**Q** 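Let me begin by handing over the structure; questions about it come next.
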Amino acid sequence: AWSRDPQPPALALRAGRGREARGSMPTCVGMDGPNAPCLWQGAGQPSLRGGPCSAARVWIAPCHRSRVARYSGAMPSPTPLRRAQRLALALLLLFVALFIVASLAPGSLWTDGLKAVAEAAMVGALADWFAVVALFRRPLGLPIPHTAVIPANKDRIGDNLAAFVRDKFLDPDSLVALLRRNDPAGRLAQWLKNPQNAELLGQQTARLLAAVLDTVQDARIERFLRQALRTLLGRLDLSGTLATALSALTQGGRHQALLDEAMARLVTALQGEDTRALIAQTIVQWLKREHPLKEKMLPSEWLGGKGSDLVANALQGLLAEVAQNPHHVLREQFDAAMQRFIQRLQTDPAWAAKAAEIRDYLRTDPAVGRYVQELWLNLRAALLRDLADADSAVARQVRLLGAWLGRSLGNDAALRDALNQRLERWAQGLAPDVSRFVAQHIRDTVQRWDAQELSGLIEQHIGRDLQYIRINGTLVGGLIG
């Protein structure tokens, strides 16, 4: 930009990758040429400093108070709006000159016709100039009614714009139609199938997680999180929460699947040599402790081995019977025990008091607090070390997860349809709140704007086309004349 002050106290320049320069600057600066060196004039002497700029070379010229412009190219040049204004003004002045010439010339059909054309063109030009200017400001500063339309109606423009965006862009039907046109699940599948995109997902996730860990590393944030965690724990109904979780777990017999998994693991353990050796050793130790004299006379090692096989086989048989019979008495007893436990959690005051005692202990005990803090610090340090590594395990797992998700979505049309339907339901549910929030944001933002600045901004964007209305008005007026 041209400086309004011919002697500004100081100026700092940064152009692309060019270095920063500071100093006394009684000059103007501009830009010229890609990848050219940065020029800087200090104390009245030009010099080259820094490396090449990414987009421009800084040029220097003397400044004057009256020389004010915005830079937009290799040399200061008028904006498209200014060029269109000058063209409309030049056309008006042309017809003014023609009118003067026709008025001074001897009367004839041709001079009278030229005068009529010029006169009508001037009327058309001035009328359209008034109409265009009246949109943005008061013509000639005169308080004419219904002028400065945009500044006077700024708040109403903001309200209408907010309502238009809310009702035409963010309404549920528009968002659902947008989702259906673009098939987000299919697009996500195609995007994740690309190995480069999966790699990018892993990298960005690692960067985001590292930024979060750096944020919570601040002492004040850590203190706030500890207080929030203690407050949340203090409000937690541990007994009721556990009862609700167990009720959900046992609903529909889900806990029986866990029982089957536990029995299968126990059978596998009983078949292992280490388990049988442990049972045999336990039997031998029991004989030595309870019957020391008999143990000396009996083949204890043989008895231990046989007893181990007998116990293991008996348990395997019992577990197999329970696994094959969904109505086994042990399953029914397990169901009844679970229901009694849930009932006591929900209704027994003694259990509620014990749960509150455990909760308060976890919330206030210094040893537990130190343990949790040390555990968190070690976990955070390990995560930060991993995220700083070029071959981060977290990034690698996210990359593999993204690739798997892309393959799963790409190969399963029903899964894509289900995900798209869920997104549509989310859009329908969230659209009213989101649209109200965005509309209020637009309304508040426009209301905070200065009326003249808003008018100038709109004029910069559409003023060039409005100047052609002036030009067309001049030409149409001339044709009518």
Side-chain angles (χ1 to χ4, degrees), residues 236-291 294-295 298-348 350-352 354-355 358-359 362 375 393 397-398 400-401 403-405 407-419 422:
L236 178 66
D237 180 8
L238 191 60
S239 177
T241 303
L242 183 58
T244 302
L246 289 176
S247 297
L249 179 65
T250 57
Q251 186 177 7
R254 296 189 186 100
H255 60 299
Q256 292 293 343
L258 296 178
L259 179 62
D260 291 336
E261 180 66 20
M263 289 189 300
R265 290 182 178 273
L266 184 56
V267 169
T268 302
L270 289 172
Q271 294 174 349
E273 292 297 331
D274 294 340
T275 303
R276 298 200 174 216
L278 177 62
I279 295 174
Q281 184 180 2
T282 303
I283 293 174
V284 171
Q285 290 177 352
W286 176 80
L287 285 173
K288 289 180 179 181
R289 184 175 61 254
E290 299 295 334
H291 306 280
K294 295 178 182 179
E295 188 274 332
L298 295 174
S300 55
E301 296 295 336
W302 181 84
L303 289 175
K306 290 299 182 180
S308 172
D309 293 339
L310 178 64
V311 171
N313 292 332
L315 287 176
Q316 287 182 34
L318 176 61
L319 293 175
E321 182 182 351
V322 174
Q324 295 173 0
N325 185 4
H327 302 290
H328 196 276
V329 63
L330 289 181
R331 288 184 180 273
E332 295 177 353
Q333 291 177 356
F334 179 62
D335 287 341
M338 290 293 296
Q339 294 303 320
R340 287 195 303 272
F341 183 61
I342 294 173
Q343 186 69 21
R344 294 193 66 180
L345 286 173
Q346 291 174 337
T347 60
D348 194 334
W351 282 56
K354 187 63 177 178
I358 295 173
R359 179 196 63 198
L362 294 174
L375 187 65
Q397 292 301 320
V398 173
L400 294 175
L401 177 63
W404 170 82
L405 180 61
R407 291 193 301 271
S408 300
L409 288 173
N411 298 329
D412 192 339
L415 179 61
R416 293 196 303 273
D417 292 339
L419 180 58
R422 179 58 60 90

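Source: prediction; values computed, not measured.
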**Q** Hey, does the side chain of N313 reach the backbone of D309 with a donor-acceptor pair shorter than 3.5 angstrom?
**A** yes

**Q** Considering residues, nucleotides and ligands other than R265, do more than 12 of their heavy atoms fall under 6.0 Å from its CZ?
**A** no

**Q** Tell me if a side-chain donor or acceptor on T275 pairs with a main-chain N or O of A269 at a distance below 3.5 Å.
**A** yes

**Q** Between R340 and D348, is there a salt bridge with N-O shorter than 4.0 Å?
**A** no

**Q** So, for Q346 and A243, which heavy atoms are closest and what is the spacing to 0.1 Å?
**A**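 Closest heavy-atom pair between Q346 and A243: CG-CB, 3.5 Å.
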
**Q** Please answer whether the main-chain N or O of W351 pairs with a side-chain N or O of R344 as donor and acceptor at a distance below 3.5 Å.
**A** no

**Q** Count the heavy atoms belonging to other residues, nucleotides or ligands that lie under 6.0 Å from CG of N411, then report whether that count exceeds 12.
**A**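 For N411, atom CG is crowded (more than 12 foreign heavy atoms under 6.0 Å).
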
**Q** Once you round to the nearest 0.5 Å, how far does CG of L266 lie from CG of L315?
**A**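 One finds 7.0 Å between CG of L266 and CG of L315.
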
**Q** What closest approach, in Å, do V322 and R331 show between heavy atoms, and which atom pair accounts for it?
**A**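 Residues V322 and R331, closest heavy atoms: O-NE, 2.9 Å.
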
**Q** Look at atom CD of E273 and say whether more than 12 heavy atoms of other residues, nucleotides or ligands are closer to it than 6.0 Å.
**A** no

**Q** To the closest 0.5 Å, what do you measure between CG (L319) and CG (D260)?
**A**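 Output value for this atom pair is 10.5 Å.
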
**Q** Main chain of L345, side chain of S239: is a donor-acceptor contact present, judged purely on distance under 3.5 Å?
**A** yes

**Q** Working to the nearest 0.5 Å, report the span between CG of L310 and CD1 of I279.
**A** 10.0 Å

**Q** Quick check for you: to the nearest 0.5 Å, what is the distance between D335 atom CG and L330 atom CG?
**A** 11.0 Å

**Q** Roughly how far, to the nearest 0.5 Å, is the CG atom of L419 from the CG atom of L409?
**A**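 The CG atom of L419 is 6.0 Å from CG of L409, to the nearest 0.5 Å.
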
**Q** What is the distance from atom OG of S247 to atom CD of Q339, rounded to the nearest 0.5 Å?
**A**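 Output value for this atom pair is 7.0 Å.
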
**Q** Please report the closest heavy-atom contact between H327 and E332, naming both atoms and the distance.
**A** O-OE2, 3.5 Å

**Q** Looking at side-chain heavy atoms only, is the closest gap between L278 and D274 below 4.5 Å?
**A** no

